Amino acid sequence: MKIPGSVSAGFAPALVHWQRRDGRHGLPWQGTRDPYRVWLSEIMLQQTQVSTVLGYYQRFLDRFPDVHALASASEDEVMSLWSGLGYYSRARNLHRCARTVVSEHGGLFPSMSSVLATLPGIGDSTAAAIAAFCHGERVSIADGNVRRVLSRLLAFEGDLSQARAQRELWQLAQSLLPEHPSADDMVAYTQGLMDLGAGVCTLRQPACERCPVAGLCEARRAGATDRYPVKTRRVARRHESWWLLILRKRVGEQSVVWLERRPPRGIWAGLHCVPVAGDEAQALSAAGDHAGAARHLPAQAHALTHRELRLHPVLVDLVADAADPAIPDGRWVPTDQLGDVGLPAPVRSLLLQLPD
DNA sequence: CAGGCGTGGCG
DNA sequence: TCGCCAAGCCT
């Protein structure tokens with residue numbers, strides 16, 4: 001695809017100028033070139049909105065002020081701080097990445113995006129963001145904002161549900177970069193792409209009247225911003241029912257619940273969780289002799305990207321001297337220490353609101 | 001390469 | 001309620 005000369009010449013300067021005047025400047029990961037802080041923010045922001053990340057980011061920085069602190073932590077502590085943020089492989093890769101940076105790079109993040117992209121959890125887009133923000137490297141990010149902004153700007157007809165079209169659009173993004181940018185230019189340009197996508201060139205009802213490049217936009221000229229980005233594939237969401245077995249007992253003043261570790265792959269991989277069964281009979285059989293005391297709590301829906309879960313919590317109170325459940329790899333966790341383990345969001349919320 | 005992987009917000 | 005998706009990566 002060929003880019004009109006006016007677009008390739010005008011886009012980057014207009015975007016840089018606009019970002020400096022009207023873009024976002026107060027986010028906690030802005031105004032620094034510390035690769036650790038930029039990296040942490042970029043990982044958290046993968047598929048996650050700014051408003052969601054804010055609280056997690058500050059807590060992480062408070063606990064792990066630098067890459068050494070993070071590398072020295074246990075994986076469980078990292079997971080507990082990540083709990084609720086989702087896409088938990090990001091947290092494990094974050095931890096692995098910190099250890100790799102310390103053990104193989106002397107505690108310093110590599111500068112070049114191509115080297116950054118070899119680290120766990122850092123793909124091409126995140127590598128570009130880090131290198132552009134920290135060192136002004138002339139590389140383009142390729143996130144959802146860029147795909148939407150550029151597919152409209154160029155009236156790009158490729159189907160972005162296919163990898164090939166995404167690669168093609170990324171090439172176009174590279175060709176739209178400022179020609180001879182200073183480091184500050186690359187920071188403003190990269191941030192500008194994100195700011196434009198997040199606040200102006202939005203999915204629904206884009207605010208073209210506030211857009212600095214509306215005059216260059218092909219979709220706008222055709223009055224067809226809603227046709228882009230082109231995406232055909234739909235997400236098929238499977239419905240499943242899960243029974244959550246909550247085993248609880250009193251130990252002195254406090255109560256404890258039985259948690260096991262989720263398998264290393266799949267949903268909530270590696271997190272702590274109450275035992276999960278595929279149907280009611282299995283759940284009650286896991287409760288063993290105590291199944292008679294089972295209380296069925298209200299079912300709740302929980303949507304994941306590819307599945308729609310219907311969660312059926314079953315609460316069983318055991319006597320204080322009851323034997324441990326015949327479930328491997330589990331342990332009793334005091335309810336007032338649930339904040340210290342990585343739990344899936346619905347499980348955390350469930351355990352925090354148990355009836356007496 | 002297509003599919004798997006969380007959660008919350010929005011219209 | 002439902003579908004879509006948000007600063008994507010890994011296998």
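Naming convention: chains lettered A, B, ... in sequence-line order (proteins, then strands); numbering from 1 in each chain. Everything quoted here is computed from the prediction, not taken from an experiment.
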A/Leu94 atom CG is separated from C/dC10 atom P, nearest whole Å, by 12 Å
message: Considering every strand and a 4.0 Å limit on heavy-atom distances, what is the contact class for A/Arg148: base, sugar-phosphate, or nothing?
response: sugar-phosphate
Picking from C/dC4, B/dG6, B/dA2, the nucleotide nearest the side-chain atoms of A/Tyr88 would be B/dG6
- Message: Using a 6.0 Å cut-off, check whether atom CD of A/Glu253 has over 12 heavy atoms from anything other than its own residue.
- Response: no
Ranking C/dA7, B/dG6, B/dG11 by distance to the side chain of A/Trp268, first place goes to B/dG6
Side-chain contact check for A/Lys231: nearest option of B/dC5, C/dC9, C/dC5 is C/dC5
With a non-hydrogen cut-off below 4.0 angstrom, is A/Ile267 in contact with a base, only sugar-phosphate, or nothing? sugar-phosphate
On the nucleotide C/dC10, are OP1 or OP2 found under 4.0 Å from the side-chain N or O atoms that A/Arg265 carries? no
- prompt: Think A/Arg167 has a side-chain N or O under 4.0 angstrom from the OP1 or OP2 of B/dC1?
  reply: yes
Contacts of A/Leu304 and A/Arg204 projected onto DNA chain B by closest heavy atom; the upstream (5') one is A/Leu304
**Report entry** B/dG6 phosphate, OP1 or OP2, under 4.0 Å from A/His302 side-chain N/O
**Finding:** no
(Q) Using a 4.0 Å heavy-atom cut-off, does A/Val50 contact any base of the nucleic acid, only the sugar-phosphate backbone, or nothing at all? (A) base
Practice problem: Report which part of the nucleic acid A/Leu309 touches: base, sugar-phosphate, or nothing (heavy-atom distance under 4.0 Å, all strands). | Solution: nothing
Report task. Before accepting this row, confirm whether a basic side-chain N of the pair A/Glu75/A/Arg96 lies closer than 4.0 Å to the acidic partner's carboxylate O. Result -> no
Both conditions, 6.0 Å and 45 degrees, for the charged tip of A/Arg90 above the ring of A/Tyr87: are they met here?
no
In whole angstroms, the gap separating P of C/dA6 from CZ of A/Arg90 amounts to 14 Å
Going by the angle between their ring planes, with limits at 30° and 60°, are A/Trp258 and A/Trp332 parallel, tilted or perpendicular? perpendicular
Hey, is CD on A/Gln205 packed in by over 12 heavy atoms from elsewhere, all under 6.0 Å?
no
May I ask you to say what A/Ala303 touches in the nucleic acid, namely base, sugar-phosphate or nothing, with a heavy-atom cut-off under 4.0 Å? base
_Whole-Å C1' distance, C/dA7 and B/dG3_ = 22 Å
Taken to the nearest whole Å, CE/A/Met79 to P/B/dC5 is 14 Å
**Asked** Counting only side-chain N and O atoms of A/Gln47, is one of them less than 4.0 Å from OP1 or OP2 of C/dG8?
**Response** yes
Of A/Arg238 and A/Ala345, the one whose nearest nucleotide on DNA chain B sits closer to the 5' end is A/Arg238
Judged by nearest nucleotide, the residue sitting upstream toward the 5' end of DNA chain C, A/Gly144 or A/Pro229, is A/Pro229
pair_partner(B/dG6), Watson-Crick or wobble, both distances < 3.5 Å, evaluates to none
Open item on the list: Should the side chain of A/Thr126 and the base of C/dG8 be counted as holding a donor-acceptor pair, with the cut-off at 3.5 Å?
Closed with: no
**Message:** For a quick check of understanding: with a heavy-atom distance under 4.0 Å over all strands, which category does A/Leu85 fall into, base, sugar-phosphate or nothing?
**Reply:** base
| task | Could you tell me whether A/Ala129 contacts a base, only the sugar-phosphate backbone, or nothing, with contacts defined as non-hydrogen atoms closer than 4.0 Å? | result | nothing
Of B/dT7, C/dA7, C/dG8, the nucleotide closest to the side chain of A/Trp29 is C/dA7
note: A/Arg237, atom CZ; B/dC5, atom P; distance rounded to Å ~ 13 Å
Exercise. When only distance counts, do a donor and an acceptor, one from the side chain of A/Arg24 and one from the base of C/dA7, lie under 3.5 Å apart?
Worked result: yes
**Prompt:** Taking atom types as modelled and ignoring hydrogens, do the side chains of A/Gln254 and A/Thr335 form a donor-acceptor contact shorter than 3.5 angstrom?
**Reply:** no
Is any side-chain N or O of A/Tyr56 closer than 4.0 Å to OP1 or OP2 of B/dT7?
no
Atom CD of A/Gln300 and atom C1' of B/dT7 are separated, to the nearest Å, by 14 Å
Would you say A/Arg307 places a side-chain N or O within less than 4.0 Å of OP1 or OP2 belonging to B/dC5? yes
A/Leu150 CG to C/dA7 P, in whole Å, measures 13 Å
Query - Under 3.5 Å donor-acceptor pair, A/Thr48 side-chain atoms to B/dG6 base atoms - result: yes
By nearest-nucleotide position on DNA chain C, the 5'-leaning member of A/Ala117 and A/Gly197 is A/Gly197
Atom CD1 of A/Ile43 and atom C1' of C/dA6 are separated, to the nearest Å, by 15 Å
Kindly assign one of parallel, tilted or perpendicular to the pair A/His302 and A/Trp268, based on the angle between their ring planes and the thresholds 30° and 60°.
tilted
(request) For B/dG6 versus C/dT11, give the span between their P atoms, rounded off to a whole number of Å. (result) 14 Å
When rounded to whole Å, the OH to P distance for the pair A/Tyr87 and C/dG8 reads 10 Å
Strictly below 4.0 Å, N to O, side chains only: are A/Arg238 and A/Glu240 in salt-bridge contact?
yes
